[in-house]
K.L.:
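Here you go, one structure.
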Amino acid sequence: PKEEQKEEKAKEEEPKDPLLNGLNSFSIKYTFDDDEQTVIIKHNQGKTLRINPDENSKICEKGGSGQFARWIVEFDGGDKYQRVTFKNTKTNKYLRITNEGKDIDVSGEQDDDGNYFKAITNDKDDKNCIKLESCQFEGKFVAVDAEKGVIIGEDD
């Protein structure tokens with residue numbers, strides 16, 4: 001009974017966020033088939049990408065579904081998988097790869113070349129993105145390393 005009481009209390013203390021109501025806490029897979037949507041980006045370490053709460057221009061791999069981890073997916077015409085951007089809802093800045101493909105941050109302004117990514121999917125039937133490749137720096141991907149955090153991955 002004490003465990004159940006703790007769980008109930010934890011549920012009561014969770015903030016009630018109207019954005020999450022009816023969205024099953026962002027657990028529905030996004031398929032890049034809709035227009036602009038607010039999403040969270042889950043990575044292979046089990047957390048999500050977010051801006052660093054202490055330094056908003058930095059990207060961090062330790063997110064959940066809170067305000068720092070929410071991104072608006074924007075499409076740049078044509079094939080929706082070929083040019084997408086991710087604008088953070090807290091700062092209105094864009095995820096981008098810069099410095100000849102060596103740096104990643106959340107400082108992009110609208111229409112910065114480094115903001116654009118190709119959404120690479122695993123097959124034609126499953127439209128969930130498994131890689132985000134820079135459009136400006138071919139072969140450079142958003143990646144998460146267990147020890148280093150968010151890094152630039154290379155197409156090996």
Side-chain angles (χ1 to χ4, degrees), residues 6-76 80-122 127-137 140-154:
K6 283 182 185 178
E7 287 178 23
E8 286 300 315
K9 187 174 181 181
K11 285 180 185 175
E12 289 172 14
E13 291 174 356
E14 287 179 1
K16 302 294 184 222
D17 187 335
L19 185 60
L20 298 179
N21 287 344
L23 293 179
N24 199 15
S25 297
F26 290 101
S27 65
I28 299 169
K29 292 180 178 181
Y30 182 65
T31 60
F32 288 88
D33 287 336
D34 299 316
D35 289 328
E36 214 172 85
Q37 294 284 325
T38 300
V39 300
I40 60 171
I41 304 169
K42 188 174 181 180
H43 57 76
N44 60 356
Q45 303 294 320
K47 296 278 189 173
T48 65
L49 297 182
R50 70 173 183 187
I51 58 171
N52 184 317
D54 297 323
E55 198 171 347
N56 291 175
S57 65
K58 302 246 184 229
I59 185 83
C60 173
E61 77 285 2
K62 299 176 182 176
S65 60
Q67 61 183 342
F68 297 108
R70 297 179 192 164
W71 306 89
I72 298 171
V73 178
E74 298 176 340
F75 302 100
D76 187 40
K80 291 183 179 183
Y81 292 92
Q82 295 305 306
R83 282 180 62 91
V84 297
T85 60
F86 295 89
K87 180 169 71 172
N88 186 269
T89 61
K90 178 79 173 161
T91 64
N92 287 321
K93 299 288 184 178
Y94 291 84
L95 178 66
R96 68 181 182 169
I97 293 178
T98 61
N99 191 21
E100 301 301 316
K102 296 176 187 160
D103 296 325
I104 185 168
D105 66 27
V106 189
S107 297
E109 298 291 336
Q110 188 172 13
D111 297 325
D112 284 355
D113 288 338
N115 297 350
Y116 296 97
F117 294 91
K118 292 179 198 172
I120 311 290
T121 59
N122 56 357
K127 298 296 184 188
N128 285 297
C129 179
I130 60 168
K131 290 185 186 180
L132 295 175
E133 180 181 11
S134 172
C135 289
Q136 185 177 23
F137 305 106
K140 303 290 184 176
F141 297 86
V142 177
V144 176
D145 180 271
E147 294 175 12
K148 298 176 186 174
V150 182
I151 61 170
I152 306 296
E154 305 229 358

K.L.:
Rounded at 0.5 Å granularity, tell me how far CG in L49 sits from CD1 in I104.
P.N.:
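Reported to 0.5 Å precision, the distance equals 7.5 Å.
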K.L.:
I'd like to know if E133 and K140 make a salt bridge, using a cut-off of under 4.0 Å between side-chain N and carboxylate O.
P.N.:
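Here E133 does not pair with K140 in a salt bridge, since their nearest N and O are not under 4.0 Å apart.
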K.L.:
With rounding to the nearest 0.5 Å, note down the distance linking CG in D76 to CG in D111.
P.N.:
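It comes to 8.0 Å.
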K.L.:
Applying side-chain contact (heavy atoms from CB on, under 4.5 Å) to W71 and V73, what does each step give before you reach the verdict?
P.N.:
CA-CA 6 Å; W71 306 89; V73 178; 5.7 Å; no
K.L.:
I need the F75 CZ to R83 CZ distance, nearest 0.5 Å.
P.N.:
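The CZ atom of R83 is 13.5 Å from CZ of F75, to the nearest 0.5 Å.
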K.L.:
For the residue pair I97 and S134, what are the closest heavy atoms and their distance?
P.N.:
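Residues I97 and S134, closest heavy atoms: CD1-CB, 3.9 Å.
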K.L.:
Taking all atoms of both residues into account, what is the closest heavy-atom pair of Y94 and E74, and its distance?
P.N.:
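Looking at all heavy atoms of both residues, the shortest contact is OH-OE1, 2.8 Å.
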K.L.:
Distance from R50 atom CZ to K62 atom NZ, nearest 0.5 Å?
P.N.:
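The NZ atom of K62 is 7.5 Å from CZ of R50, to the nearest 0.5 Å.
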K.L.:
How close do K148 and D145 get, counting heavy atoms only, and between which atoms?
P.N.:
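What the structure gives for the nearest pair is N-OD1, 2.8 Å.
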K.L.:
Can Y116 and T85 be said to form a side-chain contact (heavy atoms from CB on, under 4.5 Å), step by step?
P.N.:
CA-CA 5 Å; Y116 296 97; T85 60; 3.5 Å; yes
K.L.:
Look at the side chain of N115 and the backbone N and O of E109, then say whether any donor-acceptor pair between them is shorter than 3.5 Å.
P.N.:
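Answer holds: yes.
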K.L.:
Report the C-alpha separation of E61 and Q45 in whole Å, then their side-chain angles, then the decisive distance to 0.1 Å, and conclude whether the side-chain contact (heavy atoms from CB on, under 4.5 Å) test is met.
P.N.:
CA-CA 8 Å; E61 77 285 2; Q45 303 294 320; 5.9 Å; no
K.L.:
Please report the shortest heavy-atom distance between Q67 and N88, naming the atom on each side.
P.N.:
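For Q67 and N88, the tightest heavy-atom pair comes out as O-OD1, 4.4 Å.
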K.L.:
State the NZ-CZ distance between K87 and R70, to the nearest 0.5 angstrom.
P.N.:
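It comes to 15.0 Å.
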K.L.:
What are the two closest non-hydrogen atoms of V144 and N44, and how far apart are they?
P.N.:
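In terms of heavy atoms, the two residues are closest at O-OD1, 3.9 Å.
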K.L.:
How many angstroms lie between atom NZ of K90 and atom CD1 of I51, to the nearest 0.5 angstrom?
P.N.:
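Answer rounded to 0.5 Å: 7.0 Å.
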K.L.:
For a 4.5 angstrom cut-off between non-hydrogen side-chain atoms, does I41 reach T48?
P.N.:
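No, every pair of side-chain atoms sits at 4.5 Å or beyond.
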K.L.:
Do I72 and T89 come close enough that some side-chain heavy atom pair is under 4.5 Å?
P.N.:
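A side-chain contact under 4.5 Å exists here.
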K.L.:
Taking all atoms of both residues into account, what is the closest heavy-atom pair of F117 and L95, and its distance?
P.N.:
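Scanning both residues completely, I find the closest heavy atoms to be CE1-O, 3.5 Å.
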K.L.:
Using the side-chain contact (heavy atoms from CB on, under 4.5 Å) rule, take S107 and K93 through it: C-alpha gap first, then chi angles, then the decisive distance, then the call.
P.N.:
CA-CA 5 Å; S107 297; K93 299 288 184 178; 5.6 Å; no
